[in-house]
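Inspection log for the structure reproduced underneath, given as structure tokens.
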Amino acid sequence: MWIKTHSVQEVFDKAEELLDKEVTLSGWVYHKREHGNLIFIDLRDGTGVIQISIHKDKVDDKVFEKTEEVTRESSIIVKGIVKRDPRAPGGYEISLKDLEIVGLAEEWPIPLNASTSLLFDMRHLHLRSERQRAILLVRESVFEAAQEYFKKNGWVEVHPPIFITAACEGGATLFEVKYFDRKAYLTQSSQLYLEALIYVLEKVYCIAPSFRAEKSRTRRHLTEFWHIEAEAAWMELEEIMKVEEELVSYICQKVAKERSKELEFLGRDPKDIKKVKPPFERISYDEAIERLQKKGLDIKWGEDFGAVEERKLAEDFDKPFFIYKYPKEVKAFYHMPDPERPEVVLCNDMIAPEGYGEIIGGGQRIHDKELLLKRIVEDGYDPKDYGWYIDLRRYGTVPHSGFGLGADRVVSWICKLSHIREAVPFPRTYSRLYP
Ligand code: 4AD
Ligand code: MG
């Protein structure tokens, strides 16, 4: 087998230097167009797509026959000469001299007019499209940016467990698994474990999957999603909101800068993302209710917001915004009640613009042991299940706050996707577990 000399991207980067020289590339047949004595192959590798032209009168008959035989998505190695061609995508092409077929592909099973359900049944193959590649690259940058933000600002990465024994976000969406002769659950959020780790490292974060047995079929719920979570000792609500807006802005700036080509390909103007800079507007839950009532929604104080309410509120903003201090009843037990108004808690949700909904949930935690016990019981849980978590309030408790960012929702918003399932390589939803 021939060894490649360059990647597609390297050929484009060094094209002038490589002009009229021979290169060897390896990859897959993305498209093939036949015009009698002239065949074009778009060769795709991990870095991009380049046009290969095959002229019957410039190659051996055997080589031409091989290019006739080659099918879509076959793996091939090509030798050829780099040429300038203004008609070729990227302005350069390879004029073929020789070709080796490594894996001749069977007929491609995804027709042009494939239904969404077929595309996702064939996800293992469908991922090879340019659109999916662009999404994967933006996704990579989102994760890289988050890491970078935390590193630059003194946060330490930690690795909490996936198997857990008690709910963080309500029993209804816990996935139960058999753990030898006991019962365990898959984590819904690493928050409670991050709370233990702040007593060691003060500012910690983790990037890990969270699991929710969500039966709702919506455009923004997965059963397995990637969660970017942070927790800090000595921080109160206001301070954690600042961290949240800085993080989201950092992600947006990096993606707009480094992935503008991919964003444009996906139909997202990088300017929409570049303008996401702090401060984000903050409205209280009370104000949100007023706004919704003015907009004609039949909603009363005390009710939670869903996709409809979040989309309505987002009409007034062109970048993410915060809703803070929700009623205690609609939030999990660990949220700190407002000392001045115990019917609301010191929490915040960050809502993305354009109807993408909640991308962050966060807030200040209860650090008083008795208050925590009271809230655990009020919410119908057994304090025995939270022994170690309550212990944290016994040994040097401090005020602390944290948040969780739904990475797939952020990718979905930044890439302007119509459904979250496209933001993940292999989505897991109520109805999908394959491939
Ligand atoms: O608002 P949530 O449920 O908050 C928590 O889990 C906190 N314990 C996080 C923390 O403070 N450390 O989830 C946080 C975020 C949501 O804002 C949303 O973006 C995302 O996680 N999320 C989901 N994303 C995709 N599919 C789902 N089923 C999701 N559920 C939550
Ligand atoms: Mg939430």
Side-chain angles (χ1 to χ4, degrees), residues 139 142 146 150 155 158 160 164 166-175 185-198 203-232 235 237 240-241 243-244 247-248 251 285 304-307 309-310 320-324 326-327 330-336 345-352 356-366 389 400-414 417 419-424 427-432:
R139 184 179 172 92
V142 166
F150 285 122
W155 298 75
V158 293
I164 49 108
C168 178
E169 297 300 323
T173 60
L174 273 178
F175 271 115
Y185 307 101
L186 298 180
T187 190
Q188 299 167 304
S189 158
S190 300
Q191 178 196 322
L192 307 188
Y193 291 91
L194 293 185
E195 285 185 59
L197 288 157
I198 60 166
K203 283 163 67 176
V204 295
Y205 76 97
C206 68
I207 302 183
S210 282
F211 304 85
R212 308 261 171 115
E214 302 272 7
K215 287 192 176 157
S216 44
R217 295 167 200 257
T218 74
R219 299 176 171 273
R220 55 187 200 158
H221 285 95
L222 294 165
T223 51
E224 174 183 318
F225 68 97
W226 279 80
H227 214 164
I228 302 182
E229 295 187 273
E231 195 74 26
M235 267 196 202
L237 179 64
I240 203 71
M241 284 164 79
V243 174
E244 294 169 31
L247 169 66
V248 169
I251 292 173
Y285 171 87
D304 201 3
F305 300 151
E309 291 77 21
E310 287 170 3
F321 62 99
F322 288 108
I323 307 174
Y324 62 94
Y326 282 68
V330 303
K331 291 290 174 189
F333 66 87
Y334 52 73
H335 285 288
M336 172 89 145
V345 289
L346 302 180
C347 69
N348 73 84
D349 278 3
M350 188 192 289
I351 314 293
Y356 283 93
E358 182 196 327
I359 49 174
I360 290 186
Q364 190 169 336
R365 324 303 189 189
I366 297 175
Y389 185 66
H400 61 286
S401 302
F403 64 90
L405 173 147
D408 318 281
R409 286 198 188 166
V410 168
V411 172
S412 189
W413 156 54
I414 291 181
L417 308 181
H419 198 297
I420 194 168
R421 66 187 159 212
E422 232 191 340
V424 210
R428 298 290 180 251
T429 62
Y430 182 52
S431 54
R432 182 160 298 279

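These numbers were taken from a predicted model, which means no experiment stands behind them. Atoms within a ligand are numbered from 1 in the order they appear, just like the ligands themselves.
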Enumerated ligand 1 atoms positioned under 4.0 Å from heavy atoms of Ile360
17 (O)
Qualifying residue for side chain to side chain contact (heavy atoms under 4.5 Å, CB included) with Gln364, from Asn348, Leu237, Ile240:
Leu237
Leu222 N/O to ligand 1 N/O under 3.5 Å
yes
Output yes when the distance from some N or O of ligand 1 to some N or O of Glu231 is under 3.5 Å, and no in every other case.
no
Quick one: sort the Trp155 and Phe150 rings into parallel, tilted or perpendicular, breaks at 30° and 60°.
perpendicular
Might you point out which heavy atoms bring Leu417 and Ala423 nearest each other, and give the distance in Å?
CD1-N, 3.6 Å
Atom of Glu358 nearest the Mg ion (ligand 2) (restricted to N/O/S, atom name only):
OE2
Could you tell me, atom by atom, which parts of ligand 1 come under 4.0 Å of a heavy atom of Arg220?
25 (C), 26 (N)
With atoms numbered from 1 as shown, which atoms in ligand 1 lie under 4.0 angstrom from a non-hydrogen atom of Tyr334?
7 (C), 8 (N)
State whether the side chain of Ser401 and the backbone N or O of Met235 hold a donor-acceptor pair below 3.5 Å, judged by distance alone.
yes
At what distance is the nearest protein heavy atom to atom 2 (P) of ligand 1, and which residue and atom is it?
Arg212 NH2, 3.9 Å
Checking the side chain of Ser189 only, and the main-chain atoms of Gln191 only, is there a donor and an acceptor separated by less than 3.5 Å?
yes
Of all heavy-atom pairs between Arg220 and Gly306, which one has the smallest distance, and what is that distance?
NH2-C, 3.7 Å
Quick one: look up the protein heavy atom nearest atom 12 (N) of ligand 1 and list residue, atom name and how far away it is.
Glu229 OE2, 2.7 Å
Could you say whether the N/O atoms of Gln188 and ligand 1 ever approach to under 3.5 Å?
no
Going by the order shown, which atoms of ligand 1 are within less than 4.0 Å of some heavy atom of Gln191?
7 (C), 8 (N), 10 (C), 11 (O), 12 (N)
Heavy atoms, side chains only, cut-off 4.5 Å: are Pro160 and Leu194 in contact?
yes
Heavy atoms only: give me the nearest Cys168-Gln188 pair and the separation to one decimal.
N-OE1, 3.0 Å
among protein heavy atoms, the one nearest atom 18 (C) of ligand 1 is Arg409 NH1, 3.5 Å
Look at atom 15 (C) of ligand 1 and say which protein heavy atom is nearest, naming residue and atom and giving the distance to 0.1 Å.
Gly404 O, 3.5 Å
Nearest to atom 1 (O) of ligand 1, what protein heavy atom do you find, and at what distance?
Glu358 OE2, 2.9 Å
shortest atom 21 (O) of ligand 1-to-protein heavy-atom contact is with Phe225 CE1, 3.4 Å
Considering non-hydrogen atoms only, spot the tightest contact between Pro320 and Val248 and give its length.
CG-CG1, 4.3 Å
Should the ring pair Phe333 and Tyr389 be called parallel, tilted or perpendicular, given that the plane angle runs from 0 to 90° and is split at 30 and 60?
perpendicular
One finds that the ligand 1 atoms under 4.0 Å from a non-hydrogen atom of Glu214 are 28 (N)
Specify the protein heavy atom at minimum distance from atom 5 (C) of ligand 1: its residue, its atom name, and the distance to 0.1 Å.
Glu169 OE2, 3.3 Å
Please indicate whether any nitrogen or oxygen in Ile359 is less than 3.5 Å from any nitrogen or oxygen in ligand 1.
yes
I'd like to know whether ligand 1 has Arg365 as a neighbour, heavy-atom separation below 4.0 Å.
yes
Do Ile420 and ligand 1 have an N or O pair less than 3.5 Å apart?
no
Between Asp408 and Arg139, is there a salt bridge with N-O shorter than 4.0 Å?
yes
Could you pull out the closest heavy-atom pair between Pro209 and Thr187, with the gap in Å?
O-CG2, 3.8 Å
